[in-house]
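Heads up: the structure comes next, in structure tokens.
The basis for the numbers below is simple: all heavy atoms, side chains too, and nothing from hydrogens, waters or symmetry mates. This structure is a prediction, so every number in the text was calculated from the model and none was measured.
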Amino acid sequence: NHRLIMSDLQVHYPRRAESDCRVVAAWDDDSRQRALQELAQSGRHQFEMKSVVFDELGEVVAEALVTWHVKRLTSRGEHK
């Protein structure tokens with residue numbers, strides 16, 4: 001019962017992809033625990049998530065940094 005809002009997106013394309021691609025994005029355990037604690041205490045949390053896009057040769061073709069805001073919803077679907 002949370003609302004996830006993207007507030008900022010920065011993308012860098014160091015080279016053009018000429019093959020199929022795969023993306024890797026991860027959240028470490030410490031960041032996840034901090035988010036859960038803050039959500040439990042205040043009902044909101046802000047975090048950044050980095051994604052990296054690789055081509056078939058393993059070369060980086062794009063990197064994205066996204067800022068997210070998470071807010072707990074009330075029983076009526078409003079922000080708390």
With sequence neighbours excluded, what pairs up with E38 under the side chain to side chain donor-acceptor pair (under 3.5 Å) test?
-> H45
Kindly write out the residues that satisfy salt bridge (Lys or Arg N to Asp or Glu O under 4.0 Å) with E63, not counting sequence neighbours, or none if the list is empty.
-> K50
Treat each ILVMFWY residue as a node, draw an edge where side-chain heavy atoms are under 4.5 Å apart, and state whether L65 and M6 are in one component.
-> no
Output all residues satisfying side-chain contact (heavy atoms from CB on, under 4.5 Å) with V70, sequence neighbours left out; order by chain, then residue number.
-> H2, L4, L39, F47
With the side chain counted from C-beta on, respond yes when V61 and Y13 share a heavy-atom pair under 4.5 Å apart, and no when they do not.
-> no
What are the two closest heavy atoms between A25 and S51, and how far apart are they?
-> CB-OG, 3.5 Å
Pairs flagged by side chain to side chain donor-acceptor pair (under 3.5 Å) wherever residues 22-33 is involved - sequence neighbours left out = D28-S31, S31-R34
Nearest-0.5 Å distance that lies between atom CD in E59 and atom SG in C21 = 11.5 Å
M49-V11 co-clustered via ILVMFWY side chain contacts under 4.5 Å = yes
Contacts of Q37 that satisfy side-chain contact (heavy atoms from CB on, under 4.5 Å) - sequence neighbours left out | none
F54 vs V60, side-chain contact (heavy atoms from CB on, under 4.5 Å): CA-CA, chis, key distance, verdict = CA-CA 5 Å; F54 299 91; V60 174; 3.6 Å; yes
Salt bridge (Lys or Arg N to Asp or Glu O under 4.0 Å) filter on R16, not counting sequence neighbours, yields none
Partner set under side-chain contact (heavy atoms from CB on, under 4.5 Å) for D8, not counting sequence neighbours = Q10, T67
With S7 via side chain to side chain donor-acceptor pair (under 3.5 Å) - residues at least two apart = H69
Closest non-hydrogen atoms of L57 and D55, given as atom of the first, atom of the second and distance, are N-OD1, 3.0 Å
